[in-house]
K.L.:
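Supplied in structure tokens, the structure appears directly below.
Read the numbers this way: they start at 1 and go in the same order the structure lists the ligands and their atoms.
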Amino acid sequence: MLEAKSPFELRVNLGKDLPETAVKDALASGDMGFLHSFTTGSTVDGPGVRVVAWTTGCGWRCQYCHNPDTWTMRNGIPVSVAKAVEELRKYRRGLQTMAGGLTISGGDPLMQDRFVVKLLAAARAMQVHTCIETNGYFGEKLSDAELATIDLVMLGIKTWDDERHTKLTGRPVERTLAFARRLSALRKPMWVRFVLVPGLTDDPEDIANIAKFAAGLGNVERVEVLPFHQMGRFKWEQLGMRYALDAVEAPSPEAVERACEIFRSAGLKAL
Ligand code: SF4
């Protein structure tokens, strides 16, 4: 049963009983995926009112990640694509009426690219607006034809300086930027999501570099500056992992506004 659940609840080991071969088959065929949770009625994960499928699996290790339980794919519940589509179909009319759609987030959805592609194609076939939220690292797994089934990509750009990016996320930034350039060449509507973390991502010069890059792409419809928060701290504790940001406070509204202003002065819509 696919119940609506909050991504802010801790989930572990929901798919632990599945044999390794079944996991591999699922990933290869996309007939089954792993979902951390399934939210209805979201107004903060893309345009309008949305159903959000939160996938498990992420190869990054962002210091500020508020959903570290999504890192491990088998923490998610195994769901057939048929079941996910059946569930989505229930909300189809409402999503259309409320100018919303389906968002697939995570984790990083592109860890389960075949499942995601099938779900997006099914959503598109029922005329539901489609969106993915990703760090872009595995963007190359999607063909241009597959990208054509996505109406909007929300791309997380964490920071600009490569050394800082690697320290913050465990991965270099270049593949994210390459995916952004590809989306630009395809004229794919894109929103940039930027998490403002005091002391980690709030260097004005770094933000200005992201702003300059994003403005030059020509396909960025908006930038969302998301203030860091501590809502995920308990997950780190319960998973027995060392959390490095205990002492970091949420940025002030003024600091968020200053970051937005940097994006705006590059000609972008930022909020
Ligand atoms: S990319 Fe997203 S899900 Fe993955 S570690 Fe970073 S914040 Fe967490």
K.L.:
Where's the contact between C58 and ligand 1, heavy-atom distance under 4.0 Å: side chain, backbone, both or neither?
P.N.:
side chain
K.L.:
Backbone or side chain, does C65 get an N/O/S atom under 2.8 Å to atom 6 (Fe) of ligand 1?
P.N.:
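C65 does not place any N, O or S atom closer than 2.8 Å to atom 6 (Fe) of ligand 1.
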K.L.:
Return the closest protein heavy atom for atom 6 (Fe) of ligand 1 as residue, atom name and distance.
P.N.:
C62 SG, 2.3 Å
K.L.:
Tell me which protein heavy atom sits closest to atom 2 (Fe) of ligand 1, plus the residue, atom name and distance to 0.1 Å.
P.N.:
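So the nearest neighbour among protein heavy atoms is K158 NZ, 4.0 Å.
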K.L.:
Would you say the rings of F213 and W160 are close, in the sense that their centroids are separated by under 6.0 Å?
P.N.:
yes
K.L.:
With a 4.0 Å cut-off on N to O distance, would you call R175 and E140 a salt bridge?
P.N.:
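Result for this pair is yes, salt bridge flagged.
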K.L.:
Would you call E261 and R258 a salt bridge, using N to O less than 4.0 angstrom?
P.N.:
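No, no charged N to carboxylate O under 4.0 Å.
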K.L.:
Parallel, tilted or perpendicular for H165 and W60, by the 30°/60° rule?
P.N.:
perpendicular
K.L.:
Using heavy atoms and a 4.0 Å limit, tell me yes or no: is N135 in contact with ligand 1?
P.N.:
yes
K.L.:
May I ask you to check whether N135 and T176 show a side-chain donor-acceptor distance below 3.5 Å?
P.N.:
no
